[in-house]
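A quick write-up on the structure given underneath.
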Amino acid sequence: MPELPEVETTLRGIQPWLDGETISDVVVRQRSLRWPVPSQIGSKLVGQTVVSSRRRGKYILLELSGGGTLLTHLGMSGSLRILSGDSDEWRKHDHIGISLASGKELRYHDPRRFGCWLYCKAGEHPEDSHELLHKLGPEPLSDDFDVDYLWSCMKGRKVAIKQLIMNSHVVVGVGNIYACEALYLSGISPRRAAGRVTRASTERLVEAIRQVLGEAIEMGGTTLRDFLNADGEAGYFKQELRVYDREGEPCRGCESPVKRIVQSNRSTFFCSDCQK
DNA sequence: AGGTAAACCTGGACGC
DNA sequence: TGCGTCCAGGTTTACC
């Protein structure tokens, strides 16, 4: 489900209800996620205050008053909602509930269970030390992600450009939808070897990634099937999609039908006339 | 080392 | 109605 804009939308939705709040109870109904939810997670969290919440790539990090950090990822189908406390019946696939002193509750729902909930103990900055975070590439909306950087990652690489920009060690947050969209916007074939993309195209690609992610955040993310924000509302970026999930429909630029191919087991949508 | 396929899991859509 | 097949927004892992 979630790529960077959906995770950012989720974070913005839960942040106001979490920051400064104390955790009063933790219920784990299903600990079998991507990795097992630590069995002591409840005793570690209860009584702690959420100092701040932030995003790194597609991970959400809650910094706790004791110095530890709660690290979660929504995987393919995960979502986080804020419940008001009185309407808190457990739906199928609701796995974790974090009750707050305010009476609100943070509820984690994830049918496919590819997400994770992990606890990083106090000490170093998790972005620098945690094994899942420390090798991540730059944030695409930060100044660290620029043409020189991406160009250096592409040089000599035979891997398809689409796979390269979806590699979180190169740049975080670009998933299947936004990789397709950014390549369309920059006129690059998703199949082109990364090392054979021109410098001018790379400049367009950096801008396209920024543009598409930024616009999607502004529109509350993309709801294809089931993405909902923390208030249970859909995102509006689907109507802006130029190629993703539009196989056979006319390209918005040249009218020729959008094509679908498979690259490393993922669907790729593109216009073979507009993208070279 | 770099590149590719499979693995994790549930559910919805579709064809017969 | 039911059953088999394919597909899905991510990432790691195992294997060439």
Side-chain angles (χ1 to χ4, degrees), chain A residues 1-11 29-37 55-60 71-80 91-95 108-118 130-137 140 153-183 190-196 209 212-213 216-217 219-229 234-248 260-269:
Chain A
M1 170 215 302
E3 301 185 34
L4 187 149
E6 291 74 37
V7 177
E8 180 68 25
T9 298
T10 297
L11 175 67
R29 293 193 140 201
Q30 168 64 273
R31 38 182 17 107
S32 173
L33 302 182
R34 178 71 203 259
W35 297 287
V37 179
R55 178 187 61 72
R56 175 72 176 102
K58 296 171 190 166
Y59 292 91
I60 287 175
L71 189 160
T72 86
H73 192 291
L74 302 177
M76 203 79 141
S77 58
S79 62
L80 289 167
R91 301 172 305 172
K92 195 175 183 184
H93 305 303
D94 278 0
H95 304 316
Y108 175 68
H109 178 86
D110 186 1
R112 293 177 72 181
R113 292 190 272 125
F114 290 169
C116 68
W117 280 66
L118 299 170
H130 195 279
E131 56 179 349
L132 291 174
L133 304 180
H134 76 102
K135 286 184 182 167
L136 292 178
C153 295
M154 291 160 57
K155 192 174 181 187
R157 297 290 304 276
K158 291 180 178 169
V159 68
I161 185 63
K162 185 198 179 211
Q163 286 158 256
L164 185 121
I165 61 173
M166 287 180 70
N167 179 347
S168 63
H169 298 315
V170 172
V171 59
V172 296
V174 182
N176 206 33
I177 295 178
Y178 301 111
C180 293
E181 295 297 306
L183 288 165
R191 290 188 281 212
R192 177 166 288 273
R196 297 192 59 250
I209 289 171
V212 73
L213 293 177
I217 290 170
M219 302 196 71
T222 300
T223 299
L224 268 186
R225 293 163 189 86
D226 52 14
F227 169 74
L228 299 176
N229 69 18
Y236 293 99
F237 197 69
K238 185 181 195 304
Q239 63 202 62
E240 307 298 318
L241 296 177
R242 276 92 166 173
V243 285
Y244 190 86
D245 212 18
R246 297 192 61 242
E247 182 182 11
R260 173 181 175 273
I261 59 172
V262 175
Q263 293 179 284
S264 53
N265 286 334
R266 311 296 302 275
S267 286
T268 299
F269 299 89

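Convention: sequence-line order gives letters A, B, ...; per-chain numbering from 1. From a predicted model like this one, the values you see are computed outputs, not experimental measurements. What's counted below: heavy atoms across the whole structure, side chains too, no hydrogens, waters or symmetry copies.
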Side chain of A:Arg113 - closest among B:dT10, B:dC8, C:dG9: B:dT10
Distance, nearest 0.5 Å, that separates CD1 of A:Ile60 from OG1 of A:Thr10: 5.5 Å
Closest to the A:Leu224 side chain, choosing from B:dC8, B:dT10, C:dG9: C:dG9
Gap between atoms CE and C1', on A:Met166 and C:dG9 respectively (whole Å): 9 Å
Whether A:Tyr178 and A:Phe237 hold their rings parallel, tilted or perpendicular, with breakpoints at 30° and 60°: tilted
Residue-phosphate contact under 4.0 Å: A:His73 side-chain N/O, C:dT11 OP1/OP2: yes
Separation of atom CD1 in A:Ile161 from atom C1' in B:dG3, rounded to whole Å: 15 Å
Whole-Å distance separating the CZ atom of A:Arg225 from the P atom of B:dA13: 10 Å
Nearest-Å distance once atom P is located in both C:dT11 and B:dG11: 22 Å
Whole-Å gap separating C1' (C:dG10) and CG (A:Leu132): 12 Å
P gap between B:dG3 and C:dG9, integer Å: 22 Å
Spacing of A:Arg266 atom CZ relative to B:dA7 atom P, expressed in whole Å: 17 Å
Closest nucleotide among B:dG3, B:dG11, C:dG9 to the A:Val159 side chain: B:dG3
Value in whole Å for how far the C1' atom of B:dA1 lies from CG of A:Leu164: 15 Å
Per-pair stack call A:Phe114 and B:dC8, 5.5 Å, 30°: yes
Closest nucleotide among B:dG11, B:dG3, C:dG9 to the A:Lys158 side chain: B:dG3
Nucleotide of B:dG3, C:dT12, B:dA6 approaching A:Arg157 most closely (side-chain heavy atoms): B:dG3
Presence of donor-acceptor pair under 3.5 Å, side chain of A:Arg112 and base of C:dA8: yes
Separation of C:dG10 P from A:Phe227 CZ (nearest whole Å): 12 Å
Pairing partner of B:dC9 (Watson-Crick or G-U wobble, both distances under 3.5 Å): none
Interatomic distance, A:Leu133 CG vs C:dT11 P [rounded to whole Å]: 12 Å
Nucleotide forming a Watson-Crick or wobble pair with C:dA14, both distances under 3.5 Å: B:dT4
Selected nucleotide, minimal atom distance to A:Lys58 side chain, candidates C:dT12, C:dG10, C:dG9: C:dG10
